[in-house]
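Structure, as structure tokens:
The figures that follow rest on heavy atoms only: side chains count, while hydrogens, waters and symmetry mates do not. FYI, the numbering just counts along the sequence from 1. Treat the numbers as computed from the prediction; the structure is a model and nothing was measured.
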Amino acid sequence: MKKEWIIALIILMVVSGCKQQTKENNGKPALTDISGAGATFPLAYYNVIFKNYKDKTGGMVTYGGIGSGGGIRSLKDQTVDFGATDAFLSDTELGEMPAEILHIPTCIGAVVLGYNLPGVTNLKLNAELISGIFLGKIKRWNDAAIMALNPDIALPDKAITVVYRSDGSGTTYVFSDYLAKANPEWAGKMGTGKSLKWDNGIAAKGNPGVAGTIRETEGAIGYIGSEYAFSLAIPTALLQNKSGAFIEANTESISAAANTELPADMRIMITDSPDEKAYPISCLTWIIVYKNQSYNNRTEVQARSVYSLLNYILSPDAQLFAEKLHYSPLPEATLKKTQELVNSLTFGEITFN
């Protein structure tokens, strides 16, 4: 009798195991570890939400902040599961990728002009002054043009030290995209790009490098992701927007820049927004993935893990962290269009939604 009971128990365990395996195969397979690389601009946000994602799902996400250019190259070389960039891929760049790419916006951020002038707050700048400073035409903080815009501030007779990115950077792209739109001289001499030919200033790697250099160098000014300025208590300039208002970078002003018609593929720059309340150097930041995940001997579980992560990023839980970390959450209309892109992800003929 005991033998028969043991046999029955074994059969029950086998059947239960088969049912569980079927459920996993037809429902939601266990997640696996995935990796990404790219933009440092959203690094503070990604560090938090990727950890929270692991706590909630058990899925580990390893992310390297190596700059947008590095993230694009890594995805092109298929050495990561996803890339991250603050500059969407051009038609030419898309054509150079091995297969179709999706751009998935994750939050909205701002590039700010951080500066180190002890005792100076509420500094006002416009596109003409910023261009003149970064082109090396305006060399001292008490230049007449800066003083004219800031008559109530005692600006020091001190040399200006420009700090810029040494690596291929989406932050550089966003900064230069704004200036190319707002200042004809910049458009003609420097243009827009992830890497630019600088004749003036100090190079630093990544947003952390630029922020650290500004903080340690009296008289310095540089462009950085807003989170780095806020976390290091670096003063930032009020920037004149297209409507003529001087705007501080905050959740409301950054979100206002996205009040525009968005294309289905979500490739759009929202710098120099016409919205009167918009901060002028605002931007989307994207995770980029292959639409068809069955490449380079990948498994369905890897593909489903990418799909799971992207859905989590669009969830209210993850979007709430954006505001807490000095970014702005995606507006409802943007979330809806982005969800459609995520739902178009496939593994060969398999769809996930």
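Listed here is the closest heavy atom pair of L102 and L341: CD1-O, 3.5 Å. Scanning all heavy atoms of the two residues, the minimum distance from R165 to Y223 falls at N-OH, 3.1 Å. Taking both residues in full, the closest heavy atoms of Y228 and P208 are given as CE2-CG, 3.7 Å, listed atom of the first, atom of the second, then distance. Here the closest non-hydrogen pair linking G206 and D167 is N-OD1, 3.2 Å. Listed here is the closest heavy atom pair of A220 and W141: O-CZ2, 4.2 Å. The two residues K242 and S273 make their nearest non-hydrogen contact at CB-O, 3.6 Å.
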Trace of the salt bridge (charged side-chain N to carboxylate O under 4.0 Å, His left out) decision for R73 with D77: CA-CA 6 Å; R73 286 192 300 274; D77 295 340; over 6 Å; no
K194/I72 under side chain to side chain contact (heavy atoms under 4.5 Å, CB included): CA gap, chis, key distance, verdict: CA-CA 11 Å; K194 291 187 284 292; I72 293 170; 4.1 Å; yes
Working for side-chain hydrogen bond (donor to acceptor under 3.5 Å, both in side chains), residues D33 and T62: CA-CA 8 Å; D33 296 351; T62 303; over 6 Å; no
Derivation and outcome, side chain to side chain contact (heavy atoms under 4.5 Å, CB included), residues N292 and E100: CA-CA 7 Å; N292 186 345; E100 185 176 355; over 6 Å; no
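Salt bridge status for E300 with R304: present, with a side-chain N to carboxylate O gap under 4.0 Å. In this structure, D143 does not pair ionically with K139, as no charged nitrogen and carboxylate oxygen lie closer than 4.0 Å. Salt bridge annotation for E185-K137: present, with a cationic side-chain nitrogen under 4.0 angstrom from a carboxylate oxygen. Electrostatic pairing of R267 and D91 counts as a salt bridge here, judged by a charged N lying under 4.0 Å from a carboxylate O.
Linking Ile, Leu, Val, Met, Phe, Trp and Tyr residues whenever their side-chain heavy atoms come within less than 4.5 Å leaves I66 and L75 in two separate clusters. One hydrophobic cluster, built from ILVMFWY side chains closer than 4.5 Å, cannot hold both F230 and F41; they sit in different ones. Taken together through direct or relayed side-chain contacts under 4.5 Å among Ile, Leu, Val, Met, Phe, Trp and Tyr, L238 and V120 form part of one hydrophobic cluster. Placement of L135 and W198 within a single hydrophobic cluster is found when ILVMFWY residues are connected by side-chain heavy-atom separations under 4.5 Å, directly or transitively. Both M147 and I138 are members of a single hydrophobic cluster when ILVMFWY side chains are connected at heavy-atom separations under 4.5 Å.
In terms of modelled atom types and a separation under 3.5 Å, the side chain of N116 and the main chain of G219 share no donor-acceptor contact. Of the possible donor and acceptor atoms, none in the side chain of W186 sits under 3.5 Å from a partner among the backbone N and O of A127. Put simply, the side chain of H103 gets close to the backbone of L89: a donor and an acceptor are under 3.5 Å apart. Side chain of N52 to main chain of V48: no donor-acceptor pair is present (N/O by atom type, distance under 3.5 Å, no hydrogens or angles). At least one donor-acceptor pair closer than 3.5 Å links the side chain of E93 to the backbone N or O of S90. Under the 3.5 Å distance criterion, the side-chain polar atoms of S176 are matched with a main-chain donor or acceptor of G193. The backbone N or O of A257 sits nowhere less than 3.5 Å from a side-chain atom of D275 that would complete a donor-acceptor pair. Looking only at distances, a side-chain donor or acceptor of S305 sits under 3.5 Å from a matching main-chain atom of T32. Proximity of a side-chain donor or acceptor of E216 to a complementary backbone N or O of T213 within less than 3.5 Å is not detected. For the pair Y279 (side chain) and V111 (backbone), a donor-acceptor distance under 3.5 Å is present.
The number of heavy atoms from other shown groups lying within 6.0 Å of CZ (R215) does not exceed 12. For K337, the NZ atom sits in a packed shell: over 12 heavy atoms of surrounding residues, nucleotides or ligands are nearer than 6.0 Å. With a 6.0 Å radius and a threshold of 12 heavy atoms from other residues, nucleotides or ligands, N297 has its CG atom at or below the threshold.
Note that CG of L345 and OH of Y290 are 13.0 Å apart. Values are rounded to the nearest 0.5 Å. Taken from OG in S68 to CZ in F88, the straight-line distance is 12.5 Å, to the nearest 0.5 Å. Residue I146 holds its CD1 atom at 7.0 Å from CG of L125, rounded to the nearest 0.5 Å. Here the CD1 atom belonging to I221 is positioned 10.5 Å from the OG1 atom belonging to T161, to the nearest 0.5 angstrom. The CZ atom of F352 sits 10.5 Å away from the CG atom of L310 when rounded to the nearest 0.5 Å. Rounding to the nearest 0.5 Å gives a distance of 5.0 Å between CG of D177 and OG1 of T192.
For the residue pair Q339 and N311, a side-chain donor N or O sits within less than 3.5 Å of a side-chain acceptor on the partner. In summary, the side chains of T106 and Y46 do present a donor paired with an acceptor at a separation below 3.5 Å, with no hydrogens or angles considered. Defined by atom type and a distance below 3.5 Å, a donor-acceptor pair is present between the side-chain atoms of T271 and K181. Using a 3.5 Å distance cut-off with no hydrogens or angles, the side chains of Y312 and D317 do pair a donor with an acceptor. N200 and Y164 share no donor-acceptor pair across their side chains, judged by distance under 3.5 Å alone. For T285 and D86, the side-chain atoms include at least one donor-acceptor pair closer than 3.5 Å.
Each of V163, T172, I234 was evaluated against V210; a single residue qualifies, V163, per the side chain to side chain contact (heavy atoms under 4.5 Å, CB included) test. With S328 as the partner, the side chain to side chain contact (heavy atoms under 4.5 Å, CB included) test is satisfied by one option alone out of S253, S226, C107, S255: S255.
Inter-residue side-chain proximity for K277 and E252 is flagged as unmet; no heavy-atom pair is nearer than 4.5 Å.
Cation-pi geometry between K324 and F321 is met: the NZ or CZ atom falls under 6.0 Å from the ring centre, inside 45° of the normal.
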